[in-house]
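The structure appears below as structure tokens.
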Amino acid sequence: MTVEVQAPPAPATGSPWATASSAQRGRRRRLLLSVLVAFLAVSIPFGFPTGREVITGWILLVLWAACAGERRIWTKVVVRDWLPLLVVLFLYDLVRGLADQVGGRLFTLPLLANGKGGANGLDHAHVLEPLHGDEYLFGGSVPTVWLQDHLYDPAHVHWYDLLAVPVYFSHFFVSLSVAIVLWAVSYDLFRRYVWTLVTLTLASVATYALYPAAPPWMASLNGYLPFGVDRVAPHTLASLGWHTVSSAVEQGTTYANSVAAMPSLHGAVPMMLLLFFWPLVGRRQRICLVLYVVAMTFTLVYGGEHYVTDLLVGWLYAAASVAVVSRVRRHRA
């Protein structure tokens, strides 16, 4: 007589979003709506959050609502799925803040004013290499200077200045919003996406430490470019009377850094999204991905935040991160 013993079913490793009961789905909808209302109620009068602590708090709240308010499930989700990414992002902030100190000890770098004033008003940074990179690419001119000479007026807010604001600040929430959506609808894709984003962030932060670089607005402030190159998005935001909410971490001198410009993570993330999703989506979605890259590129160069050279290096980092993670996962499979 043969007795077949069935192994117990393997524990689910996917997102609890897809396995929620009907009661949990109803409670989840109500909680997500409540979080959205709370976010708008706080952001409209007090400003859009850009600080890591603030954004992380909202993410944890969204995940709590997505888990239908069940603390045990939420705790497991945060530790299993999100802790590696959140730790790396906080590490990014920390090392980015120390970048000029590390690089300043490795190289003899010029001391640059960063506009903050006081004891924290100076940074060691490379300044000529990315500037000369743009001059080489564009026949002796720097695109940021040319664009602001022809398009920018600090006394008048143009329509493209208004568009630059949401594009620039989208950096602080788009990549994490995509992660939340993938976590809910495609858990395996979520894990590959997270490790791609982690790889890109770690590679960028290592470069910041070894190669602190001044952005165009700082080069202008110190006489390396014509005086008056402005940071368009923050200036437009202030001209309209709007503001953002940064965290205590970003306001702290250890974490605040103006010379983490090479590569441009602002530019690398949209390119990473394009390369990551290109084989997975249709024509309309591809057009949106391309437009996001174009809009961010214009915003950063016109806005005085990055040289084109910074963006090209960021795109190389994005392509390498997508390729490396895909190769590793194929090898493991």
Side-chain angles (χ1 to χ4, degrees), residues 99-100 103-104 106-115 121-161 163-165 167-168 171 203-204 207-208 210-236 257-272 274 290-320:
D100 66 312
L106 296 175
F107 309 98
T108 302
L109 301 176
L111 196 59
L112 306 175
N114 57 27
L122 298 173
D123 286 315
H124 290 278
H126 295 271
V127 62
L128 290 177
E129 294 91 341
L131 189 159
H132 289 332
D134 271 29
E135 289 178 334
Y136 175 78
L137 291 172
F138 296 94
S141 63
V142 177
T144 296
V145 176
W146 189 91
L147 287 170
Q148 292 205 8
D149 283 345
H150 289 78
L151 299 176
Y152 182 59
D153 181 359
H156 177 71
V157 176
H158 297 89
W159 64 268
Y160 42 83
D161 298 330
L163 290 179
V165 172
V167 172
Y168 178 77
H171 169 77
S204 299
T207 308
Y208 297 153
L210 296 174
Y211 192 87
W217 65 265
M218 185 182 288
S220 172
L221 186 64
N222 289 272
Y224 291 90
L225 286 177
F227 180 77
V229 173
D230 205 349
R231 303 184 68 184
V232 174
H235 182 269
T236 301
N257 185 10
S258 302
V259 295
M262 172 70 77
S264 168
L265 195 60
H266 258 84
V269 168
M271 180 58 70
M272 186 209 80
L274 185 150
V290 171
L291 289 177
Y292 187 40
V293 172
V294 171
M296 184 63 79
T297 299
F298 173 80
T299 296
L300 296 175
V301 176
Y302 165 63
E305 301 290 345
H306 287 283
Y307 296 101
V308 173
T309 304
D310 302 336
L311 289 162
L312 293 177
V313 175
W315 293 350
L316 287 175
Y317 276 45

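For the single chain, residues carry numbers from 1 onward in sequence order. Since this is a predicted model, take the numbers as computed values, not measurements.
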If you round to the nearest 0.5 Å, how far is [atom2] of [Y] from [atom1] of [X]?
X      : Y      : atom1 : atom2 : answer
Leu265 : Asp310 : CG    : CG    : 12.0 Å
Thr207 : Tyr317 : OG1   : OH    : 2.5 Å
Met218 : Leu225 : CE    : CG    : 12.5 Å
His306 : Thr299 : NE2   : OG1   : 11.5 Å

Which heavy atom in [X] sits nearest to a heavy atom in [Y], and how many Å separate them?
X      : Y      : result
Ala214 : Ala261 : C-CB, 4.4 Å
Pro270 : Gly267 : CD-O, 3.4 Å
Ala213 : Met262 : CB-CB, 3.8 Å
Pro215 : Tyr307 : C-CE1, 4.0 Å
Thr309 : Pro130 : OG1-O, 3.5 Å

Answer whether the closest heavy-atom distance between the side chains of [X] and [Y] falls below 4.5 Å.
X      : Y      : value
Met296 : Leu311 : no
Phe298 : Leu151 : yes
Met271 : Ser264 : no

query: Given the rule in the side chain to side chain contact (heavy atoms under 4.5 Å, CB included) test, do Val127 and Asn222 qualify, once you have shown the distances and angles that lead to the verdict?
result: CA-CA 10 Å; Val127 62; Asn222 289 272; over 6 Å; no
Using 30° and 60° as the class limits, which term best fits the ring planes of [X] and [Y]: parallel, tilted or perpendicular?
X      : Y      : answer
Tyr160 : His158 : parallel
Tyr152 : Tyr302 : perpendicular
Tyr168 : His266 : parallel

May I ask you to decide if [Y]'s main-chain N or O and [X]'s side chain share a donor-acceptor pair within less than 3.5 Å?
X      : Y      : result
Asp230 : Val232 : no
Asp134 : Val142 : no
Tyr208 : Pro263 : yes
Ser220 : Pro216 : no
Thr144 : Val301 : yes

query: Between Asp161 and His156, does a side chain to side chain contact (heavy atoms under 4.5 Å, CB included) hold up when you go through it step by step?
result: CA-CA 9 Å; Asp161 298 330; His156 177 71; over 6 Å; no
